There are 2 protein chains.
Amino acid sequence: MSEYQKYLDSAISELRRGTLVLGVLSALDKPMYGYSLIQVLHSKGFLIDQSTLYPLLRRLEKQEFLKSDWEIEDSRPRKYYVLSESGRKFLADLIGEWKSNIKIINSLLD
Amino acid sequence: MSEYQKYLDSAISELRRGTLVLGVLSALDKPMYGYSLIQVLHSKGFLIDQSTLYPLLRRLEKQEFLKSDWEIEDSRPRKYYVLSESGRKFLADLIGEWKSNIKIINSLLD
DNA sequence: TGACAATACTGTATGCCGTACAGTATAATG
DNA sequence: CATTATACTGTACGGCATACAGTATTGTCA
């Protein structure tokens with residue numbers, strides 16, 4: 001892979017980086033487990049890998065923005081995550097920041 | 001500062017993170033030196049600190065997306081940066097990615 | 001005129017967080 | 001019955017923003 005491509009990939013990954021939390025939290029309005037979350041987000045064009053999502057979910061739970069429950073009734077054990085109250089507020093705050101950022105960047109790009 | 005505020009600040013900083021390169025490169029369509037770049041971006045609502053900008057400029061030059069020239073004729077020495085050819089393409093690629101990201105995230109947030 | 005703020009940079013250290021990688025185990029498929 | 005898909009855990013690594021410290025010159029204003 002060319003140096004150029006390497007740097008571009010890296011910059012693209014940096015671009016996505018901040019939006020990861022946004023994408024994940026916004027999807028967890030309703031309870032969902034990790035593996036299915038990957039597929040749901042994927043189907044909407046939001047690509048996220050296992051190795052990115054699982055650590056992120058754990059971190060967000062530690063920070064108390066997500067609650068989790070193991071469902072062992074299903075065909076196989078699944079850990080369902082959902083927004084906590086605090087997480088709901090956090091998401092709202094982040095969305096505000098995101099929208100403000102978009103305006104600023106778009107004005108720079110004109 | 002509360003834990004909540006700490007996590008929010010961190011997430012906001014992650015949100016900005018990817019857009020830093022976008023903001024800086026888009027401004028360097030015309031030659032400009034670091035210190036003034038901070039002020040120009042600042043006046044447009046894009047906040048960036050010395051300790052963030054200078055290392056970023058050095059990195060982008062190392063990656064050959066920026067060229068630089070010392071101007072010592074001025075009242076004091078200033079290092080002017082401007083997009084290279086490669087940088088111009090890089091910026092265009094990044095903008096494409098940025099716009100695509102916005103669409104995806106916004107569709108998630110609806 | 002002399003101190004303090006503003007200007008304008010360099011360089012190193014730190015820490016967060018995404019990602020890679022390795023591993024575990026069960027269920028579905030063909 | 002082997003292979004693939006599902007569904008998770010945990011650690012190691014590296015890139016990059018940010019903090020911090022440092023240097024030196026110019027402008028201001030009391």
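Note that this is a predicted model, so its numbers are computed, not measured.
- The stretch residues 87-107 of chain B does not touch DNA chain C, since none of its heavy atoms comes less than 4.0 Å from the strand.
- Nearest heavy atoms, A/P77 versus A/I72: CB-CG2, 4.2 Å.
- Taking all atoms of both residues into account, the shortest heavy-atom contact from B/Q50 to B/P55 is O-CD, 3.8 Å.
- Atom pair A/Y81:OH and D/dA7:C1' shows a separation of 11 Å (rounding to whole Å applied).
- Where A/P77 and A/R17 meet DNA chain C, the nucleotide closest to each residue was compared, and A/R17 sits on the side nearer the 5' end.
- The line from CG of B/L83 to OG of B/S26 is 8.5 Å long, rounded to the nearest 0.5 Å.
- To the nearest angstrom, C1' of D/dC16 lies 14 Å from NZ of A/K6.
- One finds no salt bridge joining A/R78 and A/E71 here, because no Lys/Arg side-chain nitrogen approaches an Asp/Glu carboxylate oxygen to under 4.0 Å.
- Residue-level contact check: A/S36 touches neither bases nor backbone, having no heavy atom under 4.0 Å from any strand.
- As rounded to whole Å, 14 Å separates atom C1' of D/dC16 from atom CG of A/L15.
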Using residues 100-110 of chain A as the side-chain source, report each donor-acceptor pair under 3.5 Å to any protein atom, sequence neighbours left out, with the distance given to one decimal.
| unit_1 | atom_1 | unit_2 | atom_2 | d |
| --- | --- | --- | --- | --- |
| A/N101 | OD1 | B/R16 | NH1 | 3.4 |
| A/N106 | OD1 | B/W98 | NE1 | 3.4 |
| A/S107 | OG | A/I104 | O | 2.8 |

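- The two atoms that bring A/A11 and B/L94 nearest to each other are CB-CD2, 3.8 Å, heavy atoms only.
- The stretch residues 18-32 of chain B comes close to DNA chain D through B/L20, each having a heavy atom under 4.0 Å from the strand.
- In this structure, CG on A/L57 lies 10.5 Å from CE on A/M32, to the nearest 0.5 angstrom.
- Residue A/L91 holds its CG atom at 5.5 Å from CG of A/L25, rounded to the nearest 0.5 Å.
- Within the structure, salt bridge (charged side-chain N to carboxylate O under 4.0 Å, His left out) pairs that include any residue of residues 24-46 of chain A comprise A/D29-A/R88 (at least two apart or interchain).
- For DNA chain C, the span of nucleotides reached by chain B at under 4.0 Å from its heavy atoms goes, 5' to 3', from C/dA6 to C/dC17.
- The salt bridge (charged side-chain N to carboxylate O under 4.0 Å, His left out) search around B/K99 returns none, not counting sequence neighbours.
- Taking CG of B/L20 as the reference point, atom CG of B/L53 lies at 9.0 Å (rounded to 0.5 Å).
- Atom pair A/D9:CG and D/dC16:P shows a separation of 12 Å (rounding to whole Å applied).
- Taking every heavy atom of both residues into account, A/I48 and A/I38 meet most closely at O-CG2, 3.5 Å.
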What does the list of N/O pairs under 3.5 Å between the protein and nucleotides 3-6 of chain D look like, with a distance for each?
| unit_1 | atom_1 | unit_2 | atom_2 | d |
| --- | --- | --- | --- | --- |
| D/dT6 | OP2 | A/Y35 | OH | 2.8 |
| D/dT6 | O5' | A/Y35 | OH | 3.4 |
| D/dT6 | O2 | A/R76 | NH1 | 2.4 |

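- Backbone-only engagement by A/S75 is indicated by non-hydrogen atom pairs under 4.0 Å involving sugar-phosphate atoms exclusively.
- Judged as a ring-ring contact (aromatic ring centres under 6.0 Å, His included), the pairs with a partner in residues 6-53 of chain A (not counting sequence neighbours) are, in order, A/Y7-B/F65, A/Y33-A/Y80.
- Not a single side chain to side chain donor-acceptor pair (under 3.5 Å) links A/Q39 to another residue, sequence neighbours left out.
- The CH2-C1' distance, from B/W70 to D/dA24, rounds to 11 Å in whole Å.
- Among residue pairs with one or both ends in residues 54-65 of chain B, those qualifying as side chain to side chain donor-acceptor pair (under 3.5 Å) are B/E61-B/S68; sequence neighbours excluded.
- By the salt bridge (charged side-chain N to carboxylate O under 4.0 Å, His left out) test, A/D69 is found to be paired with no residue, residues two or more places apart in sequence or in another chain being considered.
- Within residues 55-67 of chain B, the residues that place at least one heavy atom under 4.0 Å from DNA chain D are, in residue-number order, B/P55, B/R59.
- Sequence order on DNA chain D of the closest nucleotides to B/R16 and A/Y80 puts A/Y80 first from the 5' end.
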